[in-house]
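Here is the structure we will look at.
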Amino acid sequence: MRFTVAIDGPAAAGKGTISRAVAAHFGFAHLDTGLLYRAVGARMLDGLDPVEAARTLSAGDLGRSDLRRPDVAQAASRVAAIPEVRAALVAFQRGFAGREGGAVLDGRDIGTVICPDAAVKLFVTASDLVRAGRRHRELVETGVETGFDEVLAEMRERDARDSARAEAPLRPAGDAVVIDTTELSIEAAVAAAIARVEAQLATVPRG
Ligand code: CDP
């Protein structure tokens, strides 16, 4: 069975947590597509040309320990605005989405560009203050020394760049279900996502 769940949304909205929980619940594979752009961004910071970095991306690049750093997030958002970088990453993402057994992909353009025919499309969002609070906590827990205001400013800059770019901008697909997690517990947000997938799966003929 091929069954794609597309989960998009701005930075730190809870896409990752929801995607992992949905994938674990249904036994689907999960791809965090932000990691692809973060790995290209990290390679650009190493001195590589970003288009070349995207074209030669390897599994090892995705396992780098520095991908969650705020400077790498900014670099990711800069390289993500380059059409040739995005083009170099399309085939891998579509291949992953089409695998047997179901797949969850999270990012910015999964429901709009990568998988416009996804069985389920979710757009996960929250107020920027709540998102910055969550990201600040995550970063501090992993040992990054940063302040709330700095995290908020970084996130706003990145969201603005991601939304304004000409190529595959951040926006909900017309047929996406919006989950606003500003006042939802993570359990409630995960339950809403699972219910949506469950309802759609029930319509798939079993053979
Ligand atoms: O974890 P967070 O939501 O902060 O970011 P991410 O999902 O790891 O994505 C990092 C950056 O990669 C984003 O700010 C986007 O610029 C870019 N990205 C993208 O353009 N398209 C995607 N499908 C995924 C990420």
Side-chain angles (χ1 to χ4, degrees), residues 1-40 54 57-65 67-68 73 76 80 86-126 131 134-135 138 142 162 168 170-182 184-207:
M1 177 202 62
R2 297 191 207 297
F3 189 95
T4 308
V5 181
I7 305 188
D8 292 305
K15 302 182 300 287
T17 309
I18 292 174
S19 301
R20 281 190 296 276
V22 167
H25 184 88
F26 294 101
F28 295 166
H30 170 226
L31 178 66
D32 170 0
T33 64
L35 276 187
L36 304 174
Y37 294 92
R38 285 174 180 264
V40 174
L57 206 62
S58 71
D61 296 318
L62 301 180
R64 291 171 63 136
S65 60
L67 298 185
R68 294 284 163 207
R86 305 199 72 83
L89 302 174
V90 168
F92 175 72
Q93 295 176 84
R94 290 202 177 131
F96 192 96
R99 64 204 276 157
E100 262 310 309
V104 181
L105 284 81
D106 73 283
R108 301 291 185 288
D109 63 337
I110 308 304
T112 51
V113 174
I114 301 296
C115 305
D117 297 328
V120 175
K121 296 182 188 178
L122 304 177
F123 192 84
V124 181
T125 188
R131 292 188 289 114
R134 290 178 188 155
R135 179 52 50 88
E138 271 169 29
T142 57
D162 292 348
L170 166 66
R171 62 174 176 80
D175 51 351
V177 172
V178 177
I179 300 180
D180 187 329
T181 67
T182 306
L184 274 189
S185 67
I186 190 58
E187 291 79 14
V190 165
I194 287 176
R196 186 72 199 90
V197 174
E198 198 92 66
Q200 192 59 32
L201 264 178
T203 70
V204 175
R206 308 235 158 207

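Please read all numbers here as calculations on a predicted model, not as lab measurements. Numbers here are sequence positions counted from 1.
Atom CG of L36 sits about 5.5 Å away from atom CG of L31, to the nearest 0.5 Å. Rounding to the nearest 0.5 angstrom, the gap separating the CD atom in E100 from the CZ atom in R2 is 4.5 Å. The line from CG of L170 to CG of D8 is 7.5 Å long, rounded to the nearest 0.5 Å. Interatomic distance, CG of L57 versus CG of L62, reported as 5.0 Å (0.5 Å rounding).
With sequence neighbours excluded, the residues satisfying salt bridge (Lys or Arg N to Asp or Glu O under 4.0 Å) with R135 are E138. For the salt bridge (Lys or Arg N to Asp or Glu O under 4.0 Å) test, no residue two or more places apart in sequence or in another chain qualifies with R38. A search for salt bridge (Lys or Arg N to Asp or Glu O under 4.0 Å) contacts involving D162 returns R108, R165, not counting sequence neighbours. The side-chain contact (heavy atoms from CB on, under 4.5 Å) check on I194 picks up V22, H25, F26, V190, E198, with sequence neighbours excluded. Applying the side-chain contact (heavy atoms from CB on, under 4.5 Å) rule to D109 yields the partners R86, T112, V113, I114, A168; only residues at least two apart in sequence or on another chain are considered. Here T33 pairs with nothing under the side-chain hydrogen bond (donor to acceptor under 3.5 Å, both in side chains) rule; sequence neighbours left out. In this structure A97 satisfies the side-chain contact (heavy atoms from CB on, under 4.5 Å) test together with T4, L105, C115, sequence neighbours excluded. The salt bridge (Lys or Arg N to Asp or Glu O under 4.0 Å) check on E187 picks up nothing, with sequence neighbours excluded. Contacts of A191 classified as side-chain contact (heavy atoms from CB on, under 4.5 Å), with partners at least two apart in sequence or in another chain: none.
Of all the heavy atoms in F28 and M1, the pair that sits closest is CE2-CE, 4.0 Å. The two residues T181 and R134 have their closest heavy-atom pair at O-NH2, 2.7 Å. Between I179 and A189, the shortest heavy-atom contact is CD1-O, 4.3 Å. Residues A54 and V40 share a closest heavy-atom pair of CA-CG2, 3.8 Å. The nearest pair of heavy atoms linking A13 to R131 is CA-CD, 3.7 Å. Across V124 and G14, no two heavy atoms sit closer than the pair CG1-C, 4.3 Å.
Note on residues 22-36: pairs passing salt bridge (Lys or Arg N to Asp or Glu O under 4.0 Å), not counting sequence neighbours, are D32-R68. Screening residues 114-126 for side chain to side chain donor-acceptor pair (under 3.5 Å) gives K121-D175 as the qualifying pairs, with residues at least two apart or on separate chains. Each side chain to side chain donor-acceptor pair (under 3.5 Å) pair with one or both residues in residues 9-24, not counting sequence neighbours, would appear here, but there are none.
V5 has its side chain out of reach of R196: every pair of non-hydrogen atoms, C-beta onward, lies at least 4.5 Å apart.
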